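Comments concern the structure below.
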Amino acid sequence: MSRIAVIGTGYVGLTTGACFAHIGHDVVCADIDADKVARLQRGEIPILESGLDNLVREGLQDGRLSFVVGAAQAAADCDFAYLCVPTPQGADGSADLSYIETAAQEIGPVLPTEAIVVNKSTVPVGSTRVVERALGRSDVAVVSNPEFLREGSAIHDFLNPDRIVIGAEDQAAAVRVQSLYLGITAPVIVTDPASAETIKYAANAFLATKISFINAVAAVCEAVGADIKDVALGMGYDTRIGHEFLKPGPGWGGSCFPKDTRALVRIAEDAGYDFGLLKGVVTVNDEQLHRVAAKVVEVAGGSVAGKRIGVWGLTFKARTDDLRESPSLSVIRHLVDQGAKVRAYDPSSPDALAGIQVVDDPYAAVDGAEVLAVLTEWDEFRWLDLDKVADLMAAKNIVDARNLMDRAALVRRGFDYRGIGRS
Ligand SMILES: NC(=O)c1ccc[n+]([C@@H]2O[C@H](COP(=O)([O-])OP(=O)(O)OC[C@H]3O[C@@H](n4cnc5c(N)ncnc54)[C@H](O)[C@@H]3O)[C@@H](O)[C@H]2O)c1
């Protein structure tokens with residue numbers, strides 16, 4: 001079993017650290033956020049991710065998982081150092097590598113001889129060289145091992161991946177990284193760093209394309225009187241297409257798709273290719289946010305100025321507490337800009353948000369509202385008491401941006417129901 005340092009304890013780092021400890025490695029996770037580290041040392045999990053609390057507790061109790069402040073402290077005694085730090089969108093659309101460079105600079109001087117640095121952050125082609133330069137160590141190999149987990153099922157995805165991708169110039173280093181996943185059954189693709197880095201961006205861009213495509217087809221359905229639910233079902237049974245990511249909604253968001261699609265457009269541009277298709281995917285997504293906001297305005301009678309709008313769902317998807325680039329927040333921003341008074345509920349209990357009144361009860365969110373907008377696909381919304389909702393609302397209007405609710409049950413109660421891609 002190996003000694004692994006994980007740099008960054010966010011959604012990816014914490015999952016990686018907890019899962020590697022679970023399969024038997026000795027893991028030290030580092031972060032720059034001292035409060036977060038203190039909480040993790042006590043077994044408190046700063047994010048909502050199913051099963052993560054059990055794994056962290058198990059690792060702490062068994063002594064295979066620990067948390068420290070500062071990358072150097074974790075890396076001083078490791079065989080592998082996993083970089084799991086942010087790569088946000090820079091001002092020009094490209095990925096900002098400053099966190100990666102800083103982390104590499106911190107661990108470079110202390111890494112033991114022949115340690116391997118593994119990049120799990122999503123980074124553009126050429127980043128392996130950037131890390132090598134920042135490390136300043138000729139005896140340390142740098143390997144790309146992109147992460148494909150989905151928030152909300154991160155532990156499951158890490159332990160049961162569809163594939164493991166390893167990009168390395170040095171084949172011996174690739175084999176050593178592969179050995180860390182002993183016990184995890186998955187196809188392993190060993191390739192060069194540029195291909196590994198491209199796989200990650202291309203996979204995310206393709207998934208975003210699927211969502212934008214079905215959102216565009218939903219717009220066609222509305223125009224021609226077809227029902228997107230049946231259309232998507234009929235398409236998805238074709239095994240070349242599949243059902244996954246074929247659900248219309250308010251658009252894609254989250255911490256990855258927006259920045260990764262723009263980064264790939266930029267990578268292509270810098271390399272001399274105009275990725276018009278992907279630019280279109282981004283445009284369709286921006287339009288979708290407007291389309292959903294426009295539905296709320298329309299059902300409110302043409303204006304939301306001064307009107308109370310109830311919202312269910314704030315996170316970018318269900319079963320996570322991640323609000324980064326949430327389509328729900330973008331739709332709400334459009335409504336607030338037009339004078340709406342938004343009162344919102346989300347099961348992840350988010351902290352206060354500027355311009356939105358956040359409540360901890362779904363019924364309080366709809367009390368006195370003229371429109372209810374369902375913006376995130378939390379399953380529990382489907383089981384709420386619709387009679388009570390109808391009684392509480394000032395007008396019975398609903399925009400179901402996830403096609404989640406029981407349309408017939410709502411119509412029976414007199415609601416003006418507006419879904420996506422269906423009347
Ligand atoms: N979130 C996802 O679903 C997901 C999935 C696959 C890949 N990724 C990629 O993984 C990377 C990390 O994403 P995330 O969502 O976990 O980010 P995050 O923002 O949740 O966590 C990053 C953590 O790194 C810490 N950090 C920053 N600089 C540091 C340093 N020098 N030393 C130690 N810690 C440091 C931050 O304090 C933070 O806790 C990104 O490149 C992202 O694109 C994310």
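Starting from 1, each residue takes its place in the sequence as its number. Computed from a prediction, not measured in an experiment: that's the story for all the values here.
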Take atom [atom1] in [X]; do more than 12 heavy atoms of anything else shown fall under 6.0 Å from it?
X	atom1	value
Phe275	CZ	yes
Phe148	CZ	yes
Glu114	CD	no
Arg319	CZ	no

Could you check if a side-chain atom of [X] sits within less than 4.5 angstrom of a side-chain atom of [Y], using non-hydrogen atoms only?
X	Y	value
Ser326	Leu314	no
Glu58	Asn54	no
Trp312	Val389	yes
His22	Phe158	no
Arg324	Tyr11	yes
Leu323	Asp346	no
Leu65	Leu55	no
Trp378	Tyr345	no

Show me the donor-acceptor pairs, under 3.5 Å and distance only, between side chains in residues 241-252 and residues at least two apart or in other chains.
unit_1 : atom_1 : unit_2 : atom_2 : d
Trp252 : NE1    : Ala208 : O      : 3.2
Trp252 : NE1    : Ser212 : OG     : 3.0
Trp252 : NE1    : Asn285 : OD1    : 3.4

Looking at every heavy atom in both [X] and [Y], which two are closest together, and how far apart are they?
X	Y	value
Gly152	Ser50	O-CB, 4.3 Å
Arg57	Gly43	NE-O, 4.4 Å
His25	Ser2	ND1-N, 3.1 Å
Ala168	Ala174	CB-CB, 3.9 Å
Gly253	Pro258	O-CD, 3.6 Å
Met1	Ile23	CE-O, 3.7 Å

Counting only N and O atoms by type, is there a donor-acceptor contact under 3.5 Å from the side chain of [X] to the main-chain atoms of [Y]?
X	Y	answer
Lys317	Arg150	no
Glu49	Ala154	yes
Ser328	Leu375	no
Arg64	Ala21	yes

Would you call Arg422-Asp227 a salt bridge at under 4.0 Å N-O? yes

Electrostatic pair Arg39:Asp35 at N-O distance under 4.0 angstrom: no

So among Val366, Ile309, Val299, which one has a side-chain contact (heavy atoms from CB on, under 4.5 Å) with Leu372? Val366

Only residue of Thr87, Val131, Leu97 satisfying side-chain contact (heavy atoms from CB on, under 4.5 Å) with Ser121 is Thr87

Look up atom [atom1] in [X] and atom [atom2] in [Y], then write down how far apart they are to the nearest 0.5 Å.
X	Y	atom1	atom2	result
Gln338	His334	CD	NE2	8.5 Å
Leu384	Leu386	CG	CG	7.5 Å
Arg176	Phe80	CZ	CZ	4.5 Å
Glu147	Thr16	CD	OG1	5.0 Å
Ile155	Leu52	CD1	CG	4.5 Å
Leu329	Ile356	CG	CD1	5.5 Å

Under the side chain to side chain contact (heavy atoms under 4.5 Å, CB included) criterion, do Asn119 and Thr128 qualify, and how do the steps go? CA-CA 8 Å; Asn119 209 346; Thr128 301; 5.8 Å; no

Are Lys279 and Glu269 close enough, and set up right, to give a salt bridge (charged side-chain N to carboxylate O under 4.0 Å, His left out), and what steps lead you there? CA-CA 11 Å; Lys279 287 180 186 168; Glu269 217 158 75; 3.7 Å; yes

So the side chain to side chain donor-acceptor pair (under 3.5 Å) pairs with at least one residue in residues 104-113 (sequence neighbours excluded) are none

By the side chain to side chain donor-acceptor pair (under 3.5 Å) test, which pairs, at least two apart or in different chains, include something from residues 349-360? Arg343-Gln357

Going through the distances and angles, do Asn145 and Tyr82 end up as a side chain to side chain donor-acceptor pair (under 3.5 Å)? CA-CA 9 Å; Asn145 177 206; Tyr82 266 80; 2.9 Å; yes

Do Ser348 and Asp321 pass the side chain to side chain donor-acceptor pair (under 3.5 Å) test, and can you show the C-alpha distance, the side-chain angles, and the key distance before you say yes or no? CA-CA 5 Å; Ser348 72; Asp321 58 352; over 6 Å; no

Verify side chain to side chain contact (heavy atoms under 4.5 Å, CB included) between Asp79 and Ile116, making sure each step is shown before the conclusion. CA-CA 6 Å; Asp79 306 309; Ile116 293 179; over 6 Å; no

Going through the distances and angles, do Met405 and Phe381 end up as a side chain to side chain contact (heavy atoms under 4.5 Å, CB included)? CA-CA 7 Å; Met405 308 298 289; Phe381 297 157; 4.1 Å; yes

Trace of the salt bridge (charged side-chain N to carboxylate O under 4.0 Å, His left out) decision for Glu132 with Arg129: CA-CA 5 Å; Glu132 280 168 359; Arg129 291 268 174 276; 2.8 Å; yes

Answer with yes or no after comparing the ring centroid distance for Phe20 and Tyr181 against a 6.0 Å cut-off, counting only values under it. yes

Applying side chain to side chain contact (heavy atoms under 4.5 Å, CB included), run through Val281 and Leu278 and close with a yes or a no. CA-CA 5 Å; Val281 166; Leu278 195 51; 4.2 Å; yes

Before giving the answer on salt bridge (charged side-chain N to carboxylate O under 4.0 Å, His left out), spell out for Arg407 and Asp400 the whole-Å C-alpha distance, their side-chain angles and the decisive distance to 0.1 Å. CA-CA 9 Å; Arg407 177 174 59 174; Asp400 180 6; over 6 Å; no

